[in-house]
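Everything numeric in this text was worked out from a predicted model, so none of it was measured.
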Amino acid sequence: MDREYVTLNKLPPEVRKQMRVKFDNRPYFTTWVMFVNILIMVITIATQSIAPIGFTDKLVTTQLLRHNLAYETVGYNQTTNFWIGPDYQSMIHLGAKYSPCMRVDKEYMQSIESDVTVEDETGCCIRKDLNACWQSAQDGCTSSFAEWKSGKVCGLGKDGCQVAAYNNDTLWEGAYSTWPNCPISSEYRDTGISTEEEFAHLKCEVSARPCCIGLQGECVIISQEECEFRQGFFHENNTLCSQVSCITSICGLSGFLFDNTPDQFYRALLPTFMHTGIIHVLITLVFQATILRDMEKFAGWWRIGFIYMASGIGGTMLSGILIPYQPEVGASGALYGILASLIVEVVVNWKIYKSPVMELGKLLLLVIFLFLVGLLPWIDNFAHIGGFLFGFLTAFVVLPHINFSEEDRIAKLVVQIACGVLAVVLFGLLFIVFYLAQTSTCENCSYINCIPLHRLLLPRFHHGTPAKTRKLKTFYLTERHLFIVFI
């Protein structure tokens, strides 16, 4: 850090004595965090495929044999990544900030309940030759070679279940979601089931099963080949979407303690060490090798490590509250916390600088410029604001400072205590709002995060990718889009 200090002779003896203490610590934390960032990026690139490079969604199509035994050209909108890295779904699977993976999200669970209600109105669409059958709504069974059976589930029913405990008729009444998961075996289907039309849904070959696709883990009944093409998670041992936990498949990592009960709270910190791509991690490494390293040499590894972690968590949690359904990774919240600590260092040691106003002005101009850059799409200004706020508060608590008098020492001690208490209270409020209140959106805050020009300049925010303040349900519906041309 290139700063000019006043000459020691102009300072009181007690101040000169404090300044003789050498602040030349080894950058242990900087070295460690840079190594971790590089390691995680290497693992990400090695284990995940690179998404198409670009700024708008890319329509990917192919011809395949679908569940209705007809060849069709099928396509979907694949998200691109101009940072040169994996797509959004892969980043979620690796640990990106994504609120539905961290909490029992009210909106997400409501959408699942709505889908279960729709599922109860489906039936089994059976080809007349019994070579294929699939679960669908009546209007989804349009083939002239198939017949739709109301109240039937393909490959599932009391007559096809060989488990004695499930022979009670009451278990097979009511909503499909309450039925036992006891699909018929291929051997019993061929030899133990009557050929009467009443049992056609058990005699036919089930050609489509649940597949979890998209960022929201939408469950669709399609063939395994189509599921793999759409980069989804296929559940070959299940028949209905209500039998699978798509959010568990989408989130990955350690899974959940209980199905459909997201609890990956460690995503509050993990995204701080992850990056969207090669360009993204290089930008972070440059900052860490310069500003973070110099700051650590002054303050020491544990102080800078504390500020870095607290800022990263604070930025992630604020972002998780305001844009809960937008996947986010990166160390920007933590890095903004380090920028805030630079400002605090000037303020608490004001008298030792030759031109403190100029030093503070340069830092403020840099911060304002970076916040303006944060108004662009693909950049999360909420994480920046949260990281800066907690970096500012924690820096007052832990950074070393020089006392110019007894009154100055007492005043700084009071500020330290106040900032520490305020930081703890704000952390508590963030966690309460995130986990309990779940105030998901702030429409009036959208201009803080992204200028509205992106709606005109960037069409990707209108299809296939969530806008920065878009609610879950809207995006949940757009993910259902499937481009099909019948041949």
[X] side chain to [Y] backbone, donor-acceptor under 3.5 Å:
| X | Y | answer |
| --- | --- | --- |
| Thr117 | Glu113 | yes |
| Lys97 | Thr272 | no |
| Gln438 | Val104 | yes |
| Trp172 | Tyr166 | yes |
| His93 | Ser249 | yes |
| Ser207 | Cys133 | yes |
| Ser341 | Gly391 | no |
| Gln326 | Asp380 | no |
| Asn81 | Tyr88 | no |
| Arg209 | His235 | no |

With a cut-off of 3.5 Å and sequence neighbours excluded, list every side-chain donor-acceptor pair involving residues 43-51.
from  : atom 1 : to    : atom 2 : distance (Å)
Thr44 : OG1    : Ile40 : O      : 2.7
Thr47 : OG1    : Ile43 : O      : 2.7
Gln48 : OE1    : Ser90 : OG     : 3.3

Would you call the rings of Phe431 and Tyr435 parallel, tilted or perpendicular if under 30° counts as parallel and over 60° as perpendicular? parallel
Interatomic distance, [X] atom [atom1] to [Y] atom [atom2] [nearest 0.5 angstrom]:
| X | Y | atom1 | atom2 | answer |
| --- | --- | --- | --- | --- |
| Leu156 | Gln135 | CG | CD | 8.5 Å |
| Thr248 | Gln264 | OG1 | CD | 8.5 Å |
| Phe371 | Leu364 | CZ | CG | 11.0 Å |
| Ile92 | Gln216 | CD1 | CD | 7.5 Å |

Shortest non-hydrogen separation from [X] to [Y] and the atoms involved:
| X | Y | answer |
| --- | --- | --- |
| Leu65 | Ala70 | CD1-N, 3.7 Å |
| Gln288 | Thr30 | O-CG2, 3.2 Å |
| His275 | Thr284 | NE2-OG1, 3.0 Å |
| Phe273 | Met309 | CZ-CE, 3.6 Å |
| Glu173 | Thr178 | O-OG1, 3.6 Å |
| Phe388 | Tyr336 | CD1-O, 3.6 Å |

Indicate yes or no: at least one non-hydrogen side-chain atom of [X] is less than 4.5 angstrom from one of [Y].
| X | Y | result |
| --- | --- | --- |
| Phe390 | Leu430 | yes |
| Val244 | Phe233 | no |
| Pro271 | Met91 | no |
| Thr316 | Glu328 | no |
| Trp32 | Val36 | yes |
| Pro327 | Leu215 | yes |
| Pro262 | Ile247 | yes |
| Leu363 | Leu339 | no |

If the condition is salt bridge (charged side-chain N to carboxylate O under 4.0 Å, His left out), which residues does [X] pass it with, not counting sequence neighbours?
| X | value |
| --- | --- |
| Lys128 | none |
| Asp263 | none |
| Glu147 | Lys149 |

Any chance the rings of Trp179 and Tyr176 have centres within less than 6.0 Å? yes
Examine Phe229 together with Tyr76 and report whether their ring centres are nearer than 6.0 Å. yes
Return yes when the gap between the SG atoms of [X] and [Y] is under 2.5 Å; return no otherwise.
| X | Y | answer |
| --- | --- | --- |
| Cys124 | Cys204 | no |
| Cys211 | Cys227 | yes |
| Cys241 | Cys246 | no |

Sequence neighbours excluded, which residues qualify as side chain to side chain contact (heavy atoms under 4.5 Å, CB included) partners of Val425? Val421, Leu429
Holding to side chain to side chain contact (heavy atoms under 4.5 Å, CB included), I want the full list of residues that pass it with Ile38, two or more places apart in sequence or in another chain. Val42, Leu285
Run the side chain to side chain contact (heavy atoms under 4.5 Å, CB included) test on Ser223 and Trp134 for me, step by step, so that the C-alpha distance in whole Å, both residues' side-chain angles and the decisive distance to 0.1 Å come before the verdict. CA-CA 9 Å; Ser223 66; Trp134 59 95; over 6 Å; no
Just by distance, with hydrogens left out, do Tyr308 and Glu296 show a side-chain donor and acceptor under 3.5 Å apart? no
Check for me whether Arg267 meets the cation-pi criterion with Tyr98, that is, NZ or CZ under 6.0 Å from the six-membered ring centre and within 45 degrees of the ring axis. no
